[in-house]
Amino acid sequence: MLKSNLKKTSSLLLIGTLSLLTLGTVAAEGAALDTTDMVGVSFWLATAMMLASTVFFILERNNVAAKWKTSMTVAALVTGVAWYHYTYMRTHWANSYAADGSHPGVGDSPLVLRYIDWLITVPLQVAEFYLILAAVGVATAMLFWRLFGASLVMLIAGFLGEAGHAPEMPMLAIGVAAWAYIIYEVWAGEAKKSADTTSEGTQFAFKAMALILTVGWAIYPIGYFLGTGDDPNNDALNILYNIADVVNKTAFGLMVWYAATMDTKASASAEE
Ligand SMILES: *C/C=C(C)/C=C/C=C(C)/C=C/C1=C(C)CCCC1(C)C
């Protein structure tokens with residue numbers, strides 16, 4: 001009974017996702033992609049990856065132990081929200097070729113769409129991090145709020161700098177400082193101490209997340225930096241942001257899924 005209800009829920013979720021895909025297609029109408037434009041291609045690849053990951057995480061949610069289900073849901077939300085924004089971002093990019101076919105200038109980056117997406121998905125990932133620690137009862141709510149606060153400072157500084165509301169370099173410095181604080185908190189602070197005492201699956205998830213926050217997130221400030229100065233490289237900025245999003249959302253979700261699967265198998269064999 002419960003099983004069949006779960007199956008029904010996941011089929012409904014899948015149908016919902018696919019209907020959203022139709023909406024996304026409508027949103028893309030009128031935009032022709034220049035297939036020799038690698039930045040444009042990266043927008044399209046990222047869009048497809050986000051949708052595929054979302055469907056995968058929703059379906060795989062049924063195969064993991066109960067305590068991992070919320071983590072899988074959050075992973076699906078992150079890629080789902082990103083997929084939704086990517087359908088618009090790729091259109092924005094494809095619509096902004098100059099008449100001579102040259103690539104868009106700085107003003108044509110999907111800046112606002114990107115930061116709206118990050119403003120939703122980054123706190124979701126911080127929540128994910130917290131959830132994995134909380135699943136074993138070792139994380140405090142304060143840890144969540146500290147990471148949440150620091151990620152907001154990072155994103156707001158980045159937005160003000162990129163949008164030209166504040167000088168680029170000082171904003172980059174503030175953003176990097178907030179990110180450095182997150183790295184410290186994860187490798188040396190409360191989070192680290194909590195994770196040392198838990199199951200193999202949780203430890204794997206924790207290490208994966210610490211790496212994502214340190215190495216995966218490092219791609220963003222590099223992209224930002226290349227987009228600054230008198231001769232900003234708008235193509236490099238966008239292609240790096242797109243790669244970073246796939247790494248930090250899809251690969252990150254896959255690691256959570258892997259940890260969840262590992263932990264589920266371990267507890268199943270312990271019961272036998
Ligand atoms: C799914 C989206 C994610 C994980 C976005 C992450 C964004 C960052 C880690 C951005 C970092 C930045 C800095 C560290 C310095 C200032 C500029 C930013 C906002 C690009």
Side-chain angles (χ1 to χ4, degrees), residues 31 33-47 49-50 82 85-123 125-126 147 149-184 186 211-252:
L33 174 77
D34 174 358
T35 48
T36 62
D37 167 20
M38 281 308 124
V39 190
V41 169
S42 77
F43 271 104
W44 283 74
L45 275 176
T47 312
M49 295 285 286
M50 295 299 173
H85 286 118
Y86 263 95
T87 61
Y88 288 93
M89 290 201 287
R90 62 169 199 208
T91 308
H92 183 108
W93 183 265
N95 277 337
S96 49
Y97 290 110
D100 66 355
S102 69
H103 295 166
V106 171
D108 299 323
S109 275
L111 173 72
V112 174
L113 282 167
R114 232 191 242 291
Y115 273 88
I116 291 176
D117 178 71
W118 290 355
L119 216 50
I120 301 171
T121 53
V122 170
Q125 294 203 305
V126 169
L147 294 177
S151 66
L152 277 189
V153 170
M154 179 184 83
L155 293 178
I156 291 169
F159 179 77
L160 292 176
E162 278 197 62
H165 297 308
E168 292 172 319
M169 284 309 174
M171 289 301 117
L172 176 63
I174 294 175
V176 168
W179 171 51
Y181 171 74
I182 296 176
I183 294 176
Y184 160 78
V186 167
L211 274 177
I212 284 281
L213 292 176
T214 312
V215 183
W217 280 22
I219 308 169
Y220 294 100
I222 297 171
Y224 177 107
F225 178 75
L226 294 176
T228 59
D230 294 334
D231 185 21
N233 190 340
N234 196 45
D235 281 5
L237 174 141
N238 278 289
I239 209 163
L240 281 176
Y241 282 175
N242 292 351
I243 292 172
D245 276 352
V246 171
V247 167
N248 291 294
K249 294 178 168 70
T250 293
F252 165 78

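- Between Pro232 and Gly227, the shortest heavy-atom distance links the atoms CB-O, 3.1 Å.
- Taking OG1 of Thr87 as the start and CG of Leu113 as the end, the distance is 9.0 Å to the nearest 0.5 Å.
- With sequence neighbours excluded, no residue forms a side-chain hydrogen bond (donor to acceptor under 3.5 Å, both in side chains) with Thr228.
- Between the OG1 atom in Thr121 and the CD1 atom in Ile116 there is a gap of 11.5 Å [rounded to 0.5 Å].
- With sequence neighbours excluded, the residues satisfying side-chain hydrogen bond (donor to acceptor under 3.5 Å, both in side chains) with Trp118 are Asp245.
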| message | Walk me through whether Trp44 and Met49 qualify under side chain to side chain contact (heavy atoms under 4.5 Å, CB included). | response | CA-CA 9 Å; Trp44 283 74; Met49 295 285 286; over 6 Å; no

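- Two residues are said to be in side-chain contact when any heavy atoms from C-beta on lie closer than 4.5 Å; Val41 and Thr36 fail this criterion.
- The two atoms that bring Asp117 and Ala82 nearest to each other are OD1-CA, 3.1 Å, heavy atoms only.
- Annotation: the span from Arg114 atom CZ to Met89 atom CE amounts to 4.5 Å, rounded to 0.5 Å.
- Closest heavy-atom contact between Lys249 and Met50: CD-CE, 3.9 Å.
- Inter-residue side-chain proximity for Met171 and Phe159 is flagged as unmet; no heavy-atom pair is nearer than 4.5 Å.
- Ala218 is linked by a side-chain contact (heavy atoms from CB on, under 4.5 Å) to Trp179, counting only residues two or more places apart in sequence or in another chain.
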| From CA spacing to verdict: side chain to side chain contact (heavy atoms under 4.5 Å, CB included), Asn248, Tyr220 | CA-CA 10 Å; Asn248 291 294; Tyr220 294 100; 3.3 Å; yes

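- The structure places CG of Leu147 at 8.0 Å from CG of Leu213, a figure rounded to the nearest 0.5 Å.
- Leu226 and Ala236 get closest at one heavy-atom pair: CD1-CB, 3.9 Å.
- For the pair Pro110 and Thr91, the minimum side-chain heavy-atom distance is 4.5 Å or more.
- Note that CG of Leu111 and CD of Glu162 are 5.5 Å apart. Values are rounded to the nearest 0.5 Å.
- With sequence neighbours left out, the ring pair (Phe, Tyr, Trp, His ring centres under 6.0 Å) criterion links Phe43 to Trp93.
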| said: Between Tyr224 and Tyr241, does the side chain to side chain contact (heavy atoms under 4.5 Å, CB included) criterion hold? Intermediate values first, please. | reply: CA-CA 8 Å; Tyr224 177 107; Tyr241 282 175; 3.4 Å; yes

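- Across Val39 and Ile239, no two heavy atoms sit closer than the pair CG1-N, 4.1 Å.
- With rounding to the nearest 0.5 Å, the separation of CZ in Phe225 from CD in Glu168 is 10.0 Å.
- Closest approach of Ser151 to Val126, counting heavy atoms only: OG-CG2, 4.1 Å.
- Remark: Ser42 pairs with Asn242 by the side-chain hydrogen bond (donor to acceptor under 3.5 Å, both in side chains) rule, at least two apart or across chains.
- In summary, of the residues considered (Leu211, Val247, Ile182, Ile183), a side-chain contact (heavy atoms from CB on, under 4.5 Å) with Trp217 occurs for Ile182 alone.
- Contacts of Tyr181 classified as side-chain hydrogen bond (donor to acceptor under 3.5 Å, both in side chains), with partners at least two apart in sequence or in another chain: Arg146, Glu185.
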